[in-house]
Amino acid sequence: MARASDLDRRGFLAAAAGAAAWLARPGRAPAEGAPPAALPLLETSRFVYVSPLLASGEESACHGEVWFGWLDGAVLVNTRRGTWKVRALRDRQLDRARIWVGDHGAWKTGLTGSGRNEAFRAAPCFDAKARFETDRAVLDRLLALYETKYGSEFERWSEDMRTGFYAGERMLIHYQPV
């Protein structure tokens, strides 16, 4: 008959082996700053919620949900040049952000968008260092991921995301967990 300590040890070793196997899959890189609970969600979630952090470390007032890609241990988003995420990084040099992972619905609610859905705050989160990504090969990888992840929804946005990036109307933001 197995002792409880043997079962605990076997359970721990099985969990550790499973985590190591997940991280060892091709294209997988550990995210040092991302909590372990966020790692599988970064693979499967349709959204992240991003808030640029002010110089004081406080969250900005904007907490938008966005499509994203998890590539090489970083969150990447393709967004319009005029969004707060871009303006915060480009104009105000706010190069830190807080990211929550999961699908908790739209942040703005109500007919006028004046209501706020704070359900995302229950999701795993981490802080990240933000920078613009200009490599077209990264764009190609991100859009290929979007095509798989978002399917027919992405068809509507595919050309806009690609040509908008080339024309400077859209930007890629790379969020590296810290």
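Throughout, numbering of the chain's residues begins at 1 and tracks the sequence.
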For Ala123 and Trp100, work out which heavy atoms get closest and say how close.
O-CD1, 3.7 Å
Between CD of Gln176 and CG of Leu76, what distance do you get to the nearest 0.5 Å?
9.0 Å
Using the salt bridge (charged side-chain N to carboxylate O under 4.0 Å, His left out) rule, collect all pairs that involve residues 157-168, keeping only residues at least two apart or in two chains.
Arg80-Asp160, Asp140-Arg162, Asp160-Arg170
Give the intermediate values and the outcome of side-chain contact (heavy atoms from CB on, under 4.5 Å) for residues Thr134 and Leu172.
CA-CA 7 Å; Thr134 59; Leu172 292 185; over 6 Å; no
Among Ile, Leu, Val, Met, Phe, Trp and Tyr joined by side-chain contacts under 4.5 Å, find the other residues sharing a cluster with Leu53 and list them by chain and number.
none
So do the side chains of Ser158 and Tyr146 get within less than 4.5 Å of each other, counting heavy atoms only?
no
Parallel, tilted or perpendicular: which describes the rings of Phe154 and Trp67, with under 30° parallel and over 60° perpendicular?
tilted
Can you tell if the side chain of Arg96 reaches within under 4.5 Å of the side chain of Leu54, non-hydrogen atoms only?
no
Which label fits Phe47 and Tyr49: parallel for a plane angle under 30°, tilted from 30 to 60°, or perpendicular past 60°?
tilted
Between the side chains of Lys129 and Asp95, is the shortest nitrogen-to-carboxylate-oxygen separation below 4.0 Å, so that they form an ion pair?
yes
For residues Pro36 and Pro40, report the shortest heavy-atom separation together with the two atoms involved.
O-CD, 3.3 Å
Same cluster or not: Trp84 versus Val77, using hydrophobic residues (I, L, V, M, F, W, Y) connected whenever any side-chain heavy atoms lie under 4.5 Å apart?
no
CE of Met171 to CG of Leu89, rounded to nearest 0.5 Å, is 8.0 Å
Honestly, is Lys85 close enough over Tyr175, meaning NZ or CZ under 6.0 Å from the six-membered ring centre and within 45° of the axis?
no
Does CZ belonging to Arg92 count more than 12 external heavy atoms closer than 6.0 Å?
no
Is Phe165 close to Leu143 at the side-chain level, that is, under 4.5 Å between some pair of heavy atoms?
no
Set out, in order, the CA-CA distance, both residues' side-chain angles and the distance that settles side-chain contact (heavy atoms from CB on, under 4.5 Å) for Glu155 and Tyr150, then state yes or no.
CA-CA 9 Å; Glu155 290 175 14; Tyr150 300 108; over 6 Å; no
Starting from the C-alpha separation in whole Å, work towards a yes-or-no answer on salt bridge (Lys or Arg N to Asp or Glu O under 4.0 Å) for Arg46 and Glu153.
CA-CA 12 Å; Arg46 293 178 47 79; Glu153 290 176 82; 2.5 Å; yes
Can you name the closest pair of heavy atoms from Gly82 and Arg87 and give their distance?
O-NH1, 2.5 Å
May I ask whether Val66 and Leu94 are part of the same hydrophobic cluster, defined by side-chain heavy atoms of I, L, V, M, F, W, Y residues being less than 4.5 angstrom apart, directly or through others?
no
Contacts of type salt bridge (Lys or Arg N to Asp or Glu O under 4.0 Å), residue Glu147, not counting sequence neighbours:
none
Output, in order, the C-alpha distance, side-chain angles, deciding distance and verdict of salt bridge (Lys or Arg N to Asp or Glu O under 4.0 Å) for Glu59 and Arg98.
CA-CA 7 Å; Glu59 296 168 12; Arg98 184 153 301 132; 3.0 Å; yes
Residue pair Leu145 / Gly69: nearest heavy atoms and the distance that separates them
CD2-CA, 3.4 Å
Applying side-chain contact (heavy atoms from CB on, under 4.5 Å) to Val86 and Phe132, what does each step give before you reach the verdict?
CA-CA 9 Å; Val86 169; Phe132 290 114; 4.1 Å; yes
Would you say that Phe68 contacts Leu142 through its side chain, given a criterion of any heavy-atom pair below 4.5 Å between the two side chains?
no
Check whether any side-chain heavy atom of Pro124 lies under 4.5 Å from a side-chain heavy atom of Leu41, and answer yes or no.
yes
Chi angles and distances behind the side-chain contact (heavy atoms from CB on, under 4.5 Å) call for Ile173, Asn78
CA-CA 7 Å; Ile173 303 179; Asn78 181 316; over 6 Å; no
Quick one: does any side-chain atom of Ser60 pair with a main-chain N or O of Pro52 as donor and acceptor, under 3.5 Å?
yes
